[in-house]
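Worksheet: the structure to be examined is printed underneath.
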Amino acid sequence: MTDRIIAIDGPAGAGKSTVAKAVAQCSGLPYLDTGAMYRCIALSVIRAGIDPSDERAVAPIAESAVVDVDGATVRLDGEDVSTLIRGTDVSSVVSTIAVHSRVRTAMRLQQQAWVAVRGGAVVEGRDISTVVFPNALLKVFLTASAHERARRRVEQVGGDIDETAAAIAERDRSDSTRTDSPLRPAEGAVHIDSSGTTVDEVVSAICAEWKARSGG
Ligand code: DC
């Protein structure tokens, strides 16, 4: 099955979601946004009034939540939370809950099961090519300059550029310095810096690489 997996990792705002959705189209594979899964757990933690840094309190939520990701539609215990999980309150808590090993294990198992049932996928996140699917046929590390990532985020959801850049920098720091599966390029990953390129150019490069490797 690993020969039907495209793993895309990178920091917030690098363009992973846009690129991964288009790559799903050209490869004919389903698309899984693993950040949405972590966001569901963050939402649950906020609702329960739990301290997000308390692993023993947060872990049971991650281990029991029923998270259902179907394209852009995300359900948490049956409720459509697709919009709610994109809120700034969730964004500011999600990196804190994502450091916990028990949370990561629960998410990893769900992600592996999701892909196994479908026989392959384009999977996007922070640790997909390093930990979740290290044997994926194609591994991509997608990044962009910090300034460009902040600019894109403001264009998408509004807000102040300096505050957005600071929030992104803090999330980068937390995601790449945690002990359990930090964000870093995997061995054998194709590095793409999307700063000066269009989405189409990035997508074309990944699709061409996929076709060459998969023989299709
Ligand atoms: O891609 P995103 O911004 O929706 O991800 C939200 C957070 O979830 C991100 O700050 C770190 C965490 N995450 C993770 O730790 N591992 C993943 N595979 C995906 C996301």
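Computed from a predicted model, the values in this text were never measured in an experiment. Values below: all heavy atoms of this structure, side chains included; hydrogens, waters and symmetry mates excluded. Every number for a ligand or one of its atoms is a count from 1 in the order of the listing.
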note = CZ of Arg75 to CG of Asp70, rounded to nearest 0.5 Å, is 6.5 Å
message = Heavy atoms only, cut-off 4.0 Å: how does Arg104 contact ligand 1, side chain, backbone, both, or neither?
response = side chain
ask   = Roughly how far, to the nearest 0.5 Å, is the CE atom of Met37 from the CG atom of Asp68?
value = 9.0 Å
Structural part of Arg178 in contact with ligand 1, heavy atom criterion under 4.0 angstrom = side chain
ask   = If you round to the nearest 0.5 Å, how far is CD1 of Ile192 from CD of Glu209?
value = 8.5 Å
query = Which of the atoms in ligand 1, numbered in the order shown and given with their element, are less than 4.0 Å from a heavy-atom of Gly125?
reply = 18 (N), 19 (C)
ask   = If we only count N/O pairs under 3.5 Å, is Ser95 in contact with ligand 1?
value = yes
task = Check ring pair (Phe, Tyr, Trp, His ring centres under 6.0 Å) between Phe141 and all other residues, then give those that pass, not counting sequence neighbours.
result = His191
ask   = salt bridge (charged side-chain N to carboxylate O under 4.0 Å, His left out) with Glu63: which residues, sequence neighbours excluded?
value = Arg102
key: Per-atom contacts of ligand 1 with Gly35, taking only distances under 4.0 Å to non-hydrogen atoms   = 4 (O), 5 (O), 19 (C), 20 (C)
ask   = For ligand 1, which atoms sit closer than 4.0 Å to a heavy atom of Ala98?
value = 12 (C), 15 (O)
task = Would you kindly specify which portion of Arg171 sits under 4.0 Å from ligand 1, judged on non-hydrogen atoms: side chain, backbone, both or neither?
result = side chain
note = Honestly, for Arg39 the part within reach of ligand 1 (heavy atoms, under 4.0 Å) is side chain
ask   = Near Asp127, which atoms of ligand 1 are under 4.0 Å from a heavy atom of that residue?
value = 16 (N), 17 (C), 18 (N)
inquiry  = I'd like to know if Arg152 and Glu155 make a salt bridge, using a cut-off of under 4.0 Å between side-chain N and carboxylate O.
reply    = no
key: Spacing of CD belonging to Glu124 relative to CG belonging to Leu142, to within rounding of 0.5 Å   = 9.0 Å
